[in-house]
There are 2 protein chains.
Amino acid sequence: MTETDSLPERKRGSGVKMVYDLLRDEILDLKIAPGSPIDEVQLAERFKMSRTPIREALVRLAGEGLIETLPNRSTMVSNIDFMNLHTFFDALVLMYRVTTRLAAQSHRPEDLAVIRGFHEDYAAALAARDSLTMIATNAAFHASIAEAGRNPYFTSLFRRLLDEGRRILQLYYQSYEEQFPQRFVDEHAAIIAAIEARDIDEADRLGKAHAEAIVAQVQKLFSRNDRLDIAL
Amino acid sequence: MTETDSLPERKRGSGVKMVYDLLRDEILDLKIAPGSPIDEVQLAERFKMSRTPIREALVRLAGEGLIETLPNRSTMVSNIDFMNLHTFFDALVLMYRVTTRLAAQSHRPEDLAVIRGFHEDYAAALAARDSLTMIATNAAFHASIAEAGRNPYFTSLFRRLLDEGRRILQLYYQSYEEQFPQRFVDEHAAIIAAIEARDIDEADRLGKAHAEAIVAQVQKLFSRNDRLDIAL
DNA sequence: TGCATTTTATTTGTCGACAAGAAAAATACA
DNA sequence: TGTATTTTTCTTGTCGACAAATAAAATGCA
């Protein structure tokens, strides 16, 4: 894998963001497994910079819960807390509802173009059966709806949940080569229509149903796994 | 004001947390005004440590939105966004509801002791007319209810909102020497009772009413200020 | 061999120094 | 006197080095 080569000229201050963005994506795409140790020196060599900016990127990632750092001892990629998945699902469903609802209420015409853009990206990824892109664009689609709702508090929590969801869905599609249902695309289209029509209750209802459908699928998988674990 | 003196012996790793906690409190208590510049060198001198741990504390504070940092140029205490207070109130009311509701559903007996502790602290602060302590213990009271609900996603958003609320309430009680209503203490007691009885709907209802009462009070003040601003 | 203790190794936390960027001050020029 | 340009100043971003803390390895001892 060819890394960051040929350009030792980096603009002052861009290093942190670069390391942050890259590590974040690698974590969310499960390119680095949960629980993996993270070595500052190694990263410093890889990105050809000193430990200081690396450290700052790590502090930020820790702030978002993507990595965990034991005092004086290693820092590692956060594990997925399977024991408490239900708290994740609770929060996710509520945020799906709230953000979709607010989007129907507060969106501006130009927001719809952005949302439709991600909607099409998602449909394309599904047609291409590219699960990694599907997962990322699905998250981007819902995040753009949240942005249209214009409540930064909800948006930031929802983004965090969608991020965590990327890791979980990754697992989901890794273990089972499920059929990616066309249904999700249709539901997205329906949600867009409700937002455009400013039908708040319908947006809420669709958001809730959409979220619960996804949650139900994932839960079905994990309950199967749970039984296996117990059986062994 | 005598500062951190006489103990140059600090444990390795404790410096960051100390600076973080102290700055956080000073920001939330409005001891440092919104918009004030923050100088790393000055802080380094004040705490008698190098800029590196100071910097880490600042990065964390920035992650929570308490300070804002302009690239290559100063970093300052975040301003309170009066234009979009309604988004804050929306989020606050919803989180009051959700966390109170979850506490009624999921709390354990030992949680109630903690909650009652903050409840009494709050009542004592009110009796003493100590608004600063009132505001802080009120936030701690509701945060402890959220903890009893055991959903870390909701808890962390709610904590952030309560923090921001501390700054806003500070303004509120600074500009007007309002009567601190006994009513809030009674409402807190009613909320505790509903949680203990595991009456989810009642907890939700009380949480919502309590939140809306506070919001209404603050909005009344700010709408007065708004009119003044327009008049000038 | 099995366990306690010392030694080594590895990784983090902190430091002081230096250079880049941007604002403020000083200078030049009309 | 007023504006454009250069110089200075001040703050941040980055670096390499060192010391503390912990884990792993080595040693001693029964």
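Small disclaimer: the values here were computed from a predicted structure and weren't measured. In what follows, chains are A, B, ... by sequence order, proteins preceding strands, each numbered from 1.
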In whole Å, I'd like the distance from the [atom1] atom of [X] to the [atom2] atom of [N].
X	N	atom1	atom2	result
A/Met76	D/dT22	CE	P	17 Å
A/Lys48	D/dT14	NZ	C1'	17 Å
A/Ile38	C/dT10	CD1	C1'	17 Å
B/Ile54	C/dG16	CD1	P	12 Å
B/Arg10	C/dT14	CZ	P	9 Å
A/Glu68	C/dT12	CD	P	15 Å
A/Lys17	D/dT14	NZ	C1'	19 Å
A/Phe47	D/dC15	CZ	C1'	18 Å

Starting from the 5' end of DNA chain D, give me the residue, A/Pro71 or A/Val16, whose nearest nucleotide shows up first. A/Val16
Assign each of A/Arg73 and A/Gly15 the nucleotide of DNA chain D bearing its closest heavy atom; nearer the 5' end lies the nucleotide of A/Gly15
Any chance you could measure [X], atom [atom1], to [Y], atom [atom2], to the nearest 0.5 Å?
X	Y	atom1	atom2	value
A/Tyr20	A/Asp25	OH	CG	9.5 Å
A/Ile54	A/Arg46	CD1	CZ	9.0 Å
A/Arg97	A/Met95	CZ	CE	10.0 Å
A/Asn151	A/Arg101	CG	CZ	13.5 Å
A/Leu66	A/Arg60	CG	CZ	12.0 Å

Which residue lies toward the 5' end of DNA chain C, A/Ser74 or A/Arg12, if each is placed at its nearest nucleotide? A/Ser74
By nearest-heavy-atom nucleotide on DNA chain C, the more 5' of B/Glu56 and B/Arg51 is B/Glu56
Contact class for [X] (heavy atom, under 4.0 Å): base, sugar-phosphate, or nothing?
X	value
B/Thr75	sugar-phosphate
B/Glu40	sugar-phosphate
B/Leu58	nothing

If the cut-off is 4.0 Å, is A/Thr52 near the phosphate of D/dT14, judged by side-chain N/O to OP1 or OP2? no
Consider the side chain of [X], meaning its heavy atoms from C-beta on, and name the nucleotide among [options] that approaches it most closely.
X	options	answer
B/Pro53	D/dC10, C/dT14, C/dT12	C/dT14
B/Ser50	D/dT12, C/dT12, C/dG16	C/dG16
B/Met49	C/dC15, C/dA23, D/dT12	C/dC15
B/Asn72	D/dC15, C/dG16, C/dA22	C/dA22
A/Asp39	D/dT11, C/dT14, C/dT12	C/dT12

Quick check against the 3.5 Å criterion: does A/Asp81 have a side-chain atom that pairs as donor or acceptor with the backbone of A/Met83? yes
